[in-house]
Number of protein chains: 2
Amino acid sequence: MAVHRLDRSLIRNLSIFQYMSDADLDNVLAMASVRQLPDGAAAFMQGVEATEFFCLLNGRLKVIQTTPDGQQVVVRHVNPGDIFGIARAMRRPDYPATATAIVDSLALAWPSNQWEAFIARSPTLALNALQTVGQRLQDAHTRILELSTEEVERRVAHAVLRLVRQAGKKTEEGILIDFPVTRQDIAEMTGTTLHTVSRVMTAWEAKGLVQSSRKRVVVVDPHRLYLLAESSGD
Amino acid sequence: MAVHRLDRSLIRNLSIFQYMSDADLDNVLAMASVRQLPDGAAAFMQGVEATEFFCLLNGRLKVIQTTPDGQQVVVRHVNPGDIFGIARAMRRPDYPATATAIVDSLALAWPSNQWEAFIARSPTLALNALQTVGQRLQDAHTRILELSTEEVERRVAHAVLRLVRQAGKKTEEGILIDFPVTRQDIAEMTGTTLHTVSRVMTAWEAKGLVQSSRKRVVVVDPHRLYLLAESSGD
DNA sequence: CGTTTGCTTGAGCAATTTCAAATCCAGTGG
DNA sequence: CCACTGGATTTGAAATTGCTCAAGCAAACG
């Protein structure tokens with residue numbers, strides 16, 4: 001549970017903790033515990049009291065919101081260096097979504113009630129946190145704009161390009177999305193069905209834009225995909 | 001331009017400035033200027049450098065994002081007491097949307113570069129700001145969930161109920177939304193067309209749920225509207 | 001008044017979902 | 001090594017939702 005000798009360098013480079021003094025960092029680290037999250041494990045679940053917040057050291061999570069009738073939406077993916085589960089920082093008592101590891105992952109965890117103390121100690125941290133949440137708000141608005149104004153194919157294109165930016169890895173055939181993604185996942189990111197995603201991606205495959213197989217997507221021609229995402233489809 | 005003798009009580013009750021010392025408040029007020037925004041005037045415009053942030057004293061604004069091809073989305077409505085235009089606080093150089101007064105309004109304005117100084121002076125302000133942005137993020141996610149999983153009628157119902165919560169005013173016939181709202185506005189809040197909104201609302205009118213006319217919406221039976229918004233529509 | 005802005009409504013149509021059925025593939029356990 | 005199992009994917013056909021186009025009407029505004 002408690003952590004001995006966590007290295008400062010672990011979190012020194014995380015954007016949220018940038019520009020903090022060594023002393024403050026040590027203080028922050030002293031309160032942290034390490035959490036191992038095997039593939040499929042949840043860091044926290046929707047509706048449960050928010051007792052901790054986290055920072056992902058490595059691996060990858062997806063954050064999912066579920067409607068009362070069981071439909072799911074992928075809120076976002078958590079990448080190494082991201083903080084997540086900061087519901088309490090926004091004065092929300094419970095987690096609004098579920099965060100699940102999609103590959104074996106490792107995270108730091110702090111008790112939620114430490115948040116205020118951290119902020120009080122370091123105004124820089126406050127500004128960083130605000131920026132982080134602000135960025136997420138931007139992303140959310142972008143998504144609302146897309147859901148409101150774009151047709152499915154372009155939404156899917158945007159979603160795939162976003163995945164490329166977050167986890168793109170150069171390979172022989174093109175840029176691989178470096179974690180398992182199903183058609184269902186992409187459907188939940190774009191507000192459509194796995195059937196439609198499948199049809200769209202099959203068409204792209206025929207046009208030589210992507211290559212995909214089971215839980216695996218490679219973008220062969222990012223530029224043409226980008227054009228497709230942006231052009232008004234004429 | 002500069003403001004003389006703004007009363008502390010003006011902003012004392014605004015949630016964002018709660019729990020600040022009188023001295024800090026005076027300091028904050030000293031930097032503020034008052035901005036009159038007649039109906040139709042823009043506080044700021046999308047894409048323009050974010051030189052100021054604001055707090056609405058009274059009136060009502062709508063915040064709109066426009067796509068490259070001219071489609072519009074209502075991001076949110078600004079109500080008295082809300083801060084807005086804090087793009088810079090999230091390290092965004094420009095305003096991501098346009099804020100327009102939909103009734104004659106009055107706001108306080110501060111230079112964007114004051115933000116950091118304010119936060120440094122008062123950690124409480126930082127926490128309040130974080131909460132505010134956090135709330136907006138929640139709202140945005142709620143909207144994404146609705147856009148992704150609900151059909152038009154329920155989305156419109158949710159949007160109208162949200163307006164009721166923000167600006168509902170009891171009248172003879174029911175709860176009036178206390179500022180001008182067009183079908184187009186509601187369409188831009190729900191990702192549909194004014195035609196569809198019109199059809200939906202005409203049907204509601206026939207069922208005795210609402211009464212509406214030009215730029216005016218009265219919810220006659222909030223409870224039944226709520227049921228309609230929540231039920232899976234069976 | 002004439003013009004503009006907002007609202008309604010019908011008809012046809014296109015995009016997407018639903019429903020249904022196969023097929024594929026990775027891993028599992030004989 | 002191979003058949004088996006279950007999740008993932010593909011695909012066709014039918015059903016549906018909501019959009020586009022088009023027209024007419026009504027209230028507000030100068």
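Computed from a predicted model, the values in this text were never measured in an experiment. The chains referred to below are lettered A, B, ... by the order of the sequence lines, with proteins before strands, and numbering in each begins at 1.
A heavy atom lying under 4.0 Å from DNA chain D marks none of the residues of residues 177-190 of chain B. The stretch residues 199-209 of chain A touches DNA chain D through A:R199, A:T202, each having a heavy atom within less than 4.0 Å of the strand.
A salt bridge links A:R35 with A:E52: the closest approach of a Lys/Arg side-chain nitrogen to an acidic carboxylate oxygen falls below 4.0 angstrom. Under a 4.0 Å N-O distance rule, the pair B:E205/B:R199 does not qualify as a salt bridge.
The main-chain N or O of B:A101 is never found under 3.5 Å from a side-chain atom of B:S105 such that the two would form a donor-acceptor pair. Under a 3.5 Å cut-off, the side chain of B:R154 and the backbone N or O of B:E146 do not form any donor-acceptor pair. The main-chain N or O of A:N79 is never found under 3.5 Å from a side-chain atom of A:Q166 such that the two would form a donor-acceptor pair.
In the helix from C:dC1-D:dG30 to C:dG30-D:dC1, the end axes, each obtained as the rotation axis mapping the C1' atoms of four pairs onto the next four within a five-pair block, lie 40° apart to the nearest 10 degrees.
Judged by distance alone, the side chains of B:H141 and A:Q65 never bring a donor and an acceptor atom under 3.5 Å apart. Side chain to side chain, B:E173 and B:T171 meet the donor-acceptor criterion of an N or O pair below 3.5 Å.
Taking 4.5 Å as the limit, every side-chain heavy atom of B:T182 sits out of range of all side-chain heavy atoms of B:E188. The shortest side-chain heavy-atom distance between A:F84 and A:V63 does not fall under the 4.5 Å cut-off.
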